[in-house]
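Okay, so here's the structure we're looking at.
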2 protein chains.
Amino acid sequence: MTHSEPALRSQILVIAQRKFIASGYHGLAMREIAEALGVSKAALYYHFKDKEELFLAVLLPYLDSMEGVLDDIAAQPGSSAEHIRRFVSHVLGQLAEERAIIRLGSQEMGQLSAASRKAFGKVYQEKFIGKLKAIVQAGMARGEFRQLDPEIVTWALLGMMYPYFYPAHTGNKALPEETIRIVTSIFLEGIAPPAAR
Amino acid sequence: MTHSEPALRSQILVIAQRKFIASGYHGLAMREIAEALGVSKAALYYHFKDKEELFLAVLLPYLDSMEGVLDDIAAQPGSSAEHIRRFVSHVLGQLAEERAIIRLGSQEMGQLSAASRKAFGKVYQEKFIGKLKAIVQAGMARGEFRQLDPEIVTWALLGMMYPYFYPAHTGNKALPEETIRIVTSIFLEGIAPPAAR
DNA sequence: ACACTTACTTACCGGTCGGTCAGTAAGCGA
DNA sequence: TCGCTTACTGACCGACCGGTAAGTAAGTGT
């Protein structure tokens, strides 16, 4: 195989993701990552120029994959309600450790340099929030959903899933399917037009 | 007046609240608070034994006041829907800087020592989540709401307000009243029983 | 008047932070 | 075999962290 990605780099990303989620940006020291991997701290700086670059290297690929998922969903036939259902099902269906990245990004955005914050905010908006909002708006245009401020509605949907972006949310006795079913149901019934009742 | 609370102590709390919300627990240095007030860092340690105690002194009074608000709401006559409406209205009606404390607590809980985390978690549960859940459950018992897992429903309600716990949520062109109206409407329609449709 | 408390300041501590730099062992194309 | 690149290590740096000890000026009760 020709010059494949060095093994250490991807190992760093795996550990960094897990630890950033658990400890936050300032709460995690570079030393901790190095020790967990049994390498020197300087090895991290060979692969990433600074802590901020490593942090973004954890966040951005997730947004890329989310963009793909949202594009897929929007392109499929079926009602907008079905699109929403698929989205919720996808996000709450994946491992808590995966989806926690969404929280990590919005939570720690303020800790980054102005340049990184702006750049990340743009990607976050374009690849995630904007795409989700488009799905919501399509449903409104079709008359499937009530005509409400799409910004607020989109954030309401995202917010309903937010508690499950915390790994510490251990009190969830309910099965994932049960959670997906209820969250989807509340949201879709909540924005259904009066005609549908 | 006999031995009133020293002025500096409450000033520390005001500044600490603002700065903890903006920077998080690890992101804010004690030095910064002292400098903002024009006093020495050691002065902070005269009023609070360590950083953690100061942090909790910011969080806990808010939970106390929230308990009072929730008890008031639950004690009033009127439908459970009206109780929910009042709760959302109260939280989203107050200043963003105030309600951001809710996020601060759940967000940074993991950074505290095991003892503080446990203690805070208990208060958080008893004075806030538990009281809110009781209101939701009362509505279900009355047949006003659908019979769903009250845990999930409560978190859905809280989650819908979560985006507004971020001061950085600057893209909110909508008026507070508009936001309150839509969030309340989606939630209440979302959990309304089929009979009501 | 004097002892004692309150509310601080100044100076300092050990530890940890993100980050750098010189060196080096291994592999590889010519 | 040589020169160059890749992928690190070990030692170290200044800055900054939370926290403390000693001192002090201004009251306050007796």
Side-chain angles (χ1 to χ4, degrees), chain A residues 1-20 22-59 104 108-117 120, chain B residues 1-20 22-59 104 108-117 120:
Chain A
M1 224 170 264
T2 59
H3 72 84
S4 71
E5 177 161 335
L8 182 57
R9 192 191 142 92
S10 49
Q11 285 175 29
I12 292 170
L13 286 169
V14 169
I15 298 292
Q17 171 174 334
R18 176 152 58 229
K19 287 186 173 286
F20 271 131
S23 307
Y25 184 74
H26 286 298
L28 173 61
M30 295 296 271
R31 215 196 80 249
E32 271 190 68
I33 302 171
E35 277 177 9
L37 287 165
V39 298
S40 71
K41 196 180 54 166
L44 308 182
Y45 285 90
Y46 177 76
H47 292 285
F48 304 94
K49 76 175 245 280
D50 56 22
K51 190 182 185 182
E52 206 165 278
E53 188 179 292
L54 170 58
F55 187 67
L56 291 174
V58 167
L59 297 179
L104 185 63
E108 307 288 347
M109 216 189 294
Q111 311 293 331
L112 305 177
S113 70
S116 294
R117 187 167 59 248
F120 176 78
Chain B
M1 228 170 260
T2 59
H3 71 83
S4 69
E5 177 160 337
L8 181 58
R9 193 191 142 92
S10 48
Q11 285 174 29
I12 291 170
L13 286 169
V14 169
I15 298 292
Q17 170 173 334
R18 176 151 57 228
K19 286 185 175 285
F20 271 130
S23 307
Y25 184 73
H26 285 299
L28 174 62
M30 295 296 272
R31 214 196 78 250
E32 271 190 67
I33 302 171
E35 277 177 9
L37 287 165
V39 299
S40 72
K41 196 179 52 163
L44 308 183
Y45 285 91
Y46 176 76
H47 292 286
F48 304 93
K49 78 175 243 282
D50 56 22
K51 191 183 184 182
E52 207 165 277
E53 186 179 293
L54 170 57
F55 187 66
L56 290 174
V58 167
L59 296 179
L104 186 64
E108 308 287 346
M109 215 189 294
Q111 310 294 331
L112 304 177
S113 70
S116 293
R117 187 167 59 247
F120 176 77

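All heavy atoms count here, side chains included; hydrogens, waters and symmetry mates do not. Not measured: the values here are computed from a predicted model. The sequence lines fix the lettering, A, B, ..., with proteins before strands; numbering per chain opens at 1.
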Can you measure from CD (A/Glu108) to CZ (A/Arg117) and round to the nearest 0.5 angstrom?
12.5 Å
Can a side chain N or O of A/His47 be found less than 4.0 Å away from OP1 or OP2 on D/dC8?
yes
Any side-chain heavy-atom pair from A/Phe55 and A/Leu104 closer than 4.5 angstrom?
yes
Using whole Å, what does the distance between atom P of nucleotide C/dG18 and atom CG of A/Leu112 come to?
14 Å
Hey, are the side chains of B/Leu54 and B/Met30 touching, using non-hydrogen atoms and a 4.5 Å cut-off?
yes
Spell out, as yes or no, whether a donor-acceptor pair under 3.5 Å connects the side chain of B/Lys51 to the backbone of B/Tyr25.
yes
So, B/Glu52 and B/Ser113: side-chain donor and acceptor under 3.5 Å apart, yes or no?
yes
Between B/Tyr45 (OH) and C/dC12 (P), how many Å, whole number?
19 Å
What integer distance in Å separates A/Asp50:CG from C/dC17:P?
17 Å
About how many Å separate CG of A/Leu56 and CZ of A/Phe120, when rounded to the nearest 0.5 Å?
7.5 Å
Spacing of CD belonging to B/Glu35 relative to CD1 belonging to B/Ile15, to within rounding of 0.5 Å
12.5 Å
Going by number, which of residues 25-35 of chain B have a non-hydrogen atom under 4.0 Å from DNA chain C?
none
Nearest 0.5 angstrom please: A/Glu53 CD to A/Ser116 OG, how far?
9.0 Å
Mind calculating the distance between NZ (B/Lys49) and P (C/dC8) to the nearest angstrom?
20 Å
Please write out the pairs of protein N or O atoms and N or O atoms of nucleotides 9-13 of chain D separated by less than 3.5 Å, giving the distance to one decimal.
unit_1: D/dT9; atom_1: OP2; unit_2: A/Ser40; atom_2: N; d: 2.8
unit_1: D/dT9; atom_1: OP2; unit_2: A/Ser40; atom_2: OG; d: 2.4

Between P of C/dC17 and NZ of A/Lys51, the distance in whole Å
9 Å
Starting at atom CG of B/Leu44, determine the distance to atom C1' of D/dC17, rounded to an integer number of angstrom.
14 Å
